[in-house]
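Just so we're clear, the structure is a prediction, and the values are computed from it rather than from any experiment.
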Amino acid sequence: MRVILTGATSFIGSAAAKCLEAHGHEVVRLRHSFDEDEDKLPDRADVWLHFAWGGHGSAGRSDPAIQEHNVEMSLAAIEKAAGLGCKRFVFAGSQAEYGHAQDGRDKSEDGACEPVSEYGKAKLKLGLEAAKLKGDMSYVHMRIFSVYGPGDHAGSLIDSLISGFSCGETVELGNCTQSWNYMYISDAAEAIGLLCEKAEDGIYNVGSADTRKLRAYVEELHKLMGGKGRAAFGVRPDNAEGPADLSPDISKLRGLGFCCKYSFADGIGEILKTL
């Protein structure tokens, strides 16, 4: 199948492109917004996979004007995809859409959404508005949880831990008592490829089967780093939104035949190979 991918240079988008090509699909890579690469658009496609979303860091994620522009751009992409005859539009939503409705229970796709950030509100809004524009296409709304691996942005928790521990430093953290869910980038790319191939209308949580307290992840990483350095828990305050509690129910994704291949230790091992 032919897949148009907007936001193809992003961490997850680039991995998804490589995965789709490895499975024999043609991928038309576009940049942040498809109108910047209008000349690259084919006259037809089977799937539109949309990762393009502006506003990086806490400042961008909390800016309502930036997030509203993202919604408008994404709705335009849906209309364009319908015009190209796409059978499926796959959108990169976020666990941030659940917001404070996450309280440690397994979060199914039909559960309540109470987004706190402008970013989460905009991702949720896009999903609600998409139904009005999708026409005969299937609209697949992914809610992606915490993905890690080589190429992730500098300053992520795992990046900070590895950098600090490798130098024997003390890394200051919050309490880390919230539930968390990490998924290795290769597994995430496989899940996204499967959704492009098979998913019907609806929302799909994209996460792993490994949900545990964030502190347990930190402690395992510390052991994998040979016990160098130290994690100081309870030093840093929570962010303005409060600690997210990530406990995804991935039954729908598993129902398509998906299963993670990488454990957390496997994924950290792959990162360490690149250092």
Side-chain angles (χ1 to χ4, degrees), residues 3-25 27 29 47-53 56 88-98 102 106-109 119-120 123 127 140-159 162 179-199 202-212 214 217 220-221 244 246-274:
V3 181
I4 295 173
L5 198 164
T6 34
T9 60
S10 64
F11 170 50
I12 303 177
S14 59
K18 293 175 184 177
C19 178
L20 285 163
E21 289 174 338
H23 284 274
H25 303 302
V27 179
R29 289 175 169 84
V47 175
W48 190 303
L49 175 57
H50 192 64
F51 276 94
W53 198 266
H56 299 291
R88 188 174 288 114
F89 190 96
V90 183
F91 173 69
S94 170
Q95 57 81 19
E97 296 170 53
Y98 289 119
Q102 299 177 129
D106 285 351
K107 178 56 59 182
S108 64
E109 292 87 348
Y119 171 82
K123 292 273 186 175
V140 180
H141 189 103
M142 302 183 291
R143 286 192 179 141
I144 300 173
F145 281 70
S146 196
V147 178
Y148 72 103
D152 194 3
H153 68 279
S156 69
L157 176 59
I158 287 180
D159 175 74
I162 290 176
S179 296
W180 206 259
N181 183 281
Y182 270 123
M183 185 182 206
Y184 185 61
I185 183 63
S186 295
D187 285 329
E190 288 287 343
I192 292 163
L194 188 63
L195 291 171
C196 287
E197 293 171 344
K198 294 185 176 182
I203 302 167
Y204 291 80
N205 286 334
V206 177
S208 74
D210 184 10
T211 294
R212 46 177 144 151
L214 182 56
Y217 277 116
E220 181 178 358
L221 195 154
L246 310 188
S247 305
D249 180 341
I250 59 168
S251 300
K252 285 182 67 175
L253 183 61
R254 296 176 76 171
L256 295 178
F258 176 76
C259 182
C260 284
K261 296 179 181 178
Y262 288 82
S263 67
F264 181 67
D266 293 336
I268 295 300
E270 292 299 313
I271 296 175
L272 296 180
K273 289 177 185 177
T274 68

Looking only at atom types and distance, does a side-chain atom of [X] sit under 3.5 Å from a main-chain N or O of [Y], one as donor and one as acceptor?
X    : Y    : answer
D187 : Y262 : yes
S94  : E97  : no
N205 : K107 : yes
N181 : S208 : yes

message: For a side chain to side chain contact (heavy atoms under 4.5 Å, CB included) check, start with the C-alpha distance between L221 and I162, then their side-chain angles and the critical distance, and finish with the verdict.
response: CA-CA 8 Å; L221 195 154; I162 290 176; 4.0 Å; yes
To check you understand the geometry: which heavy-atom pair defines the closest contact between [X] and [Y], and what is its length?
X    : Y    : result
S14  : F11  : OG-O, 3.2 Å
G207 : L253 : O-CD2, 4.3 Å
I185 : I12  : CD1-CA, 3.9 Å
V206 : M142 : CG2-CB, 4.0 Å
Y184 : P150 : OH-CD, 3.4 Å
Y148 : G267 : OH-CA, 3.5 Å

message: With a 6.0 Å cut-off on the ring centroids, do H50 and F89 count as close?
response: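 Between H50 and F89, the centre distance is under 6.0 Å.
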Using 0.5 Å steps for rounding, measure from the [atom1] atom of [X] to the [atom2] atom of [Y].
X    : Y    : atom1 : atom2 : value
W180 : S146 : CH2   : OG    : 5.0 Å
L195 : K252 : CG    : NZ    : 9.5 Å
I268 : Y182 : CD1   : OH    : 8.0 Å
I250 : R143 : CD1   : CZ    : 15.5 Å
L49  : T6   : CG    : OG1   : 7.0 Å
K123 : Y98  : NZ    : OH    : 14.0 Å

- request: Go through D152 and D159 one step at a time and tell me if the side chain to side chain contact (heavy atoms under 4.5 Å, CB included) criterion holds.
  value: CA-CA 8 Å; D152 194 3; D159 175 74; over 6 Å; no
- request: List for me each residue that meets side chain to side chain contact (heavy atoms under 4.5 Å, CB included) alongside R212, sequence neighbours excluded, and say none if there are none.
  value: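 Testing R212 for side chain to side chain contact (heavy atoms under 4.5 Å, CB included), a comparison that skips the adjacent residues, returns D210, A216, Y217, E220, F264.
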task: Starting from the C-alpha separation in whole Å, work towards a yes-or-no answer on side chain to side chain contact (heavy atoms under 4.5 Å, CB included) for L157 and L214.
output: CA-CA 10 Å; L157 176 59; L214 182 56; 3.8 Å; yes
- prompt: Is any NZ, NE, NH1 or NH2 atom of the basic residue among E21 and K18 found under 4.0 Å from an Asp or Glu carboxylate oxygen of the other?
  reply: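 Looking at K18 together with E21, the answer is no, because their closest N to O distance does not fall below 4.0 Å.
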query: Hey, mind stepping through I271 and I158 against side chain to side chain contact (heavy atoms under 4.5 Å, CB included) and telling me if it holds?
result: CA-CA 10 Å; I271 296 175; I158 287 180; 4.1 Å; yes
- request: Measure the shortest side-chain to side-chain distance between M183 and C260 over non-hydrogen atoms and say whether it is less than 4.5 angstrom.
  value: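 The answer is yes, as the side chains (C-beta and beyond) meet within the 4.5 Å cut-off.
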field: Side-chain touch F51/I144, heavy atoms, less than 4.5 angstrom
entry: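 Yes - at least one pair of side-chain heavy atoms lies under 4.5 Å apart.
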- prompt: Can you name the residues that form a salt bridge (charged side-chain N to carboxylate O under 4.0 Å, His left out) with R88, not counting sequence neighbours?
  reply: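 Expected list: none.
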field: Test ring pair (Phe, Tyr, Trp, His ring centres under 6.0 Å) applied to F91 - qualifying residues, sequence neighbours left out
entry: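 For F91 the ring pair (Phe, Tyr, Trp, His ring centres under 6.0 Å) partners, ignoring immediate neighbours, are W53, H141.
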